[in-house]
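Naming convention: chains lettered A, B, ... in sequence-line order (proteins, then strands); numbering from 1 in each chain.
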Protein chains: 2
Amino acid sequence: MPKIGMEPIRRRALIDAAILAIGERGSLDVTMSDIAGRAGVSTALAHHYFGGKEDLLHAAMRHVLAELGGDLRRAVAGKQGIERVEAVIAVNFSPKQFQPEIVSAWLAFYVEAQHSTPLRRLLRIYARRLHSNLLYALRPLMADAVARRAAEGIAALIDGLYIRRALKDGPPDAASAGALVQDYLELQVKAERSS
Amino acid sequence: MPKIGMEPIRRRALIDAAILAIGERGSLDVTMSDIAGRAGVSTALAHHYFGGKEDLLHAAMRHVLAELGGDLRRAVAGKQGIERVEAVIAVNFSPKQFQPEIVSAWLAFYVEAQHSTPLRRLLRIYARRLHSNLLYALRPLMADAVARRAAEGIAALIDGLYIRRALKDGPPDAASAGALVQDYLELQVKAERSS
DNA sequence: TTTTCTTGATTGATCAGTCAATCAAAACTA
DNA sequence: TAGTTTTGATTGACTGATCAATCAAGAAAA
């Protein structure tokens, strides 16, 4: 039943399968055979479309990153100040992004980035964008040094809550995890007002 | 030059080598041959003393955990309230614990714990102890619900800063990472006093 | 001599990656 | 239209490399 124009369909199926496999296993230590099987094709086809395992894994990571990046861009569009920060937090704890499989995949990519320069570069770009996003929104609300620290803290809190989610430890639901970060933000803003 | 009583020496050397290897690689995906080589022995000897790879890795993790646990117990001994919380924070960002290799090893263990029940159990025990430690110290300082949230937040912040350390992102030195958590603690305490 | 420590060599399993062959739609031709 | 060729899609079978685990044998103390 081969038809023309299968390529984009297969690529997408393989990427989705890879993310799911990585998310379930919690690490990049998955076999091509597992991924291909989930996508309903042979390993040879995965190699045909992606070249090698690394390429497929990197494509999967780029997909996860682009997905979050897109959500983030849409969420902050036109927003300023505290509303903008709240939007950033909300996206990170949205049902779509805070899914256990996606969170686990993130953690796996973080680990891999430690010894893969291209992956680290990708993550660095995303981290920088998040940071400047937060900083831009926080600067009108507080002194520069405080804003920098707050941005740093929010980013770290999000990462920490992601880890704890992957381990099924910590706050069980997205809502209370998000509330915890919101609370941190409010504390910083209040402290600044009373100074 | 085999002598008697080598066992403890070799075990220790192999565990140290394993931690170093895991820390450098940033994941548990290290070979017995690598570990044994670092310890200056053959792979066969590693199997002789530890049975299998898993056992050695678990022993390494238990060692890292025991080390931090010991430091923690010593640090909080006799301390109460805010001093106790500060001691907990200080230990987590001490030069010994915040070393890049140790931090990377932690991250690797976190990842592995996602699909290893015994490892998850070990981590869970440690996490609980940390949590109740913080809670016990925070309760006199603030309302119960607030104390719980603060404990949750401090733990998540520490984890988040560990991740960022492993990725060489975020605050570069232990001091400013620790200061960030201290700042969070102070905000919570101040907010409580003014309510 | 016995016991403890140690290893080289080997085995078996797992996997990424390759390749030549198949299949079926699409495009072309008479 | 009917037949033929081309082309993209797809796979099973194979290869080579890596690695955990085993084992029987050797070397040095006791």
Checklist line | Test ring-ring contact (aromatic ring centres under 6.0 Å, His included) applied to B:Tyr162 and B:Phe98, step by step | finding: CA-CA 8 Å; B:Tyr162 263 57; B:Phe98 206 57; 5.3 Å; yes
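The side chain of A:Met6 has D:dT10 as its nearest neighbour among D:dT10, C:dT7, D:dA20. With D:dC19, D:dG12, C:dT7 as the choices, the nucleotide that has an atom nearest any side-chain atom of B:Val41 turns out to be C:dT7. Listed nucleotides C:dT7, D:dA9, C:dA16 differ in distance to A:His47; the shortest reach to its side chain belongs to C:dA16. Set against D:dA20, D:dC23, C:dG17, the side chain of A:Lys53 has C:dG17 as its closest nucleotide.
Counting non-hydrogen atoms under 4.0 angstrom, B:Tyr49 reaches the backbone sugars and phosphates but no base.
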Taking only distance into account, with no hydrogens and no angle test, what donor-acceptor pairs under 3.5 Å do side-chain atoms of residues 141-158 of chain A form with protein atoms, sequence neighbours excluded?
unit_1	atom_1	unit_2	atom_2	d
A:Asp144	OD2	A:Arg139	NH1	2.9
A:Arg149	NH1	B:Asp183	OD1	2.9
A:Arg149	NH1	B:Asp183	OD2	3.1

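Place B:Ser33 and A:His48 on DNA chain D by their nearest nucleotides, and A:His48 ends up nearer the 5' end.
Distances shown here put every side-chain N or O of A:Arg10 at or beyond 4.0 Å from the OP1 or OP2 atom of D:dG8.
In this entry the distance linking CG of A:Leu57 with C1' of C:dC15 reads 14 Å, nearest Å. B:Asp29 has its CG atom 17 Å from the P atom of C:dT14, to the nearest Å. What separates CE of B:Met32 from P of C:dT6 is a distance of 15 Å, to the nearest Å. Look at CG on A:Leu45: it is 15 Å from P on C:dT18, rounded to the nearest Å.
When each of B:Glu101, B:Gln97, B:Lys96 is paired with B:Gln99, the side-chain hydrogen bond (donor to acceptor under 3.5 Å, both in side chains) condition holds for B:Glu101 and for no other.
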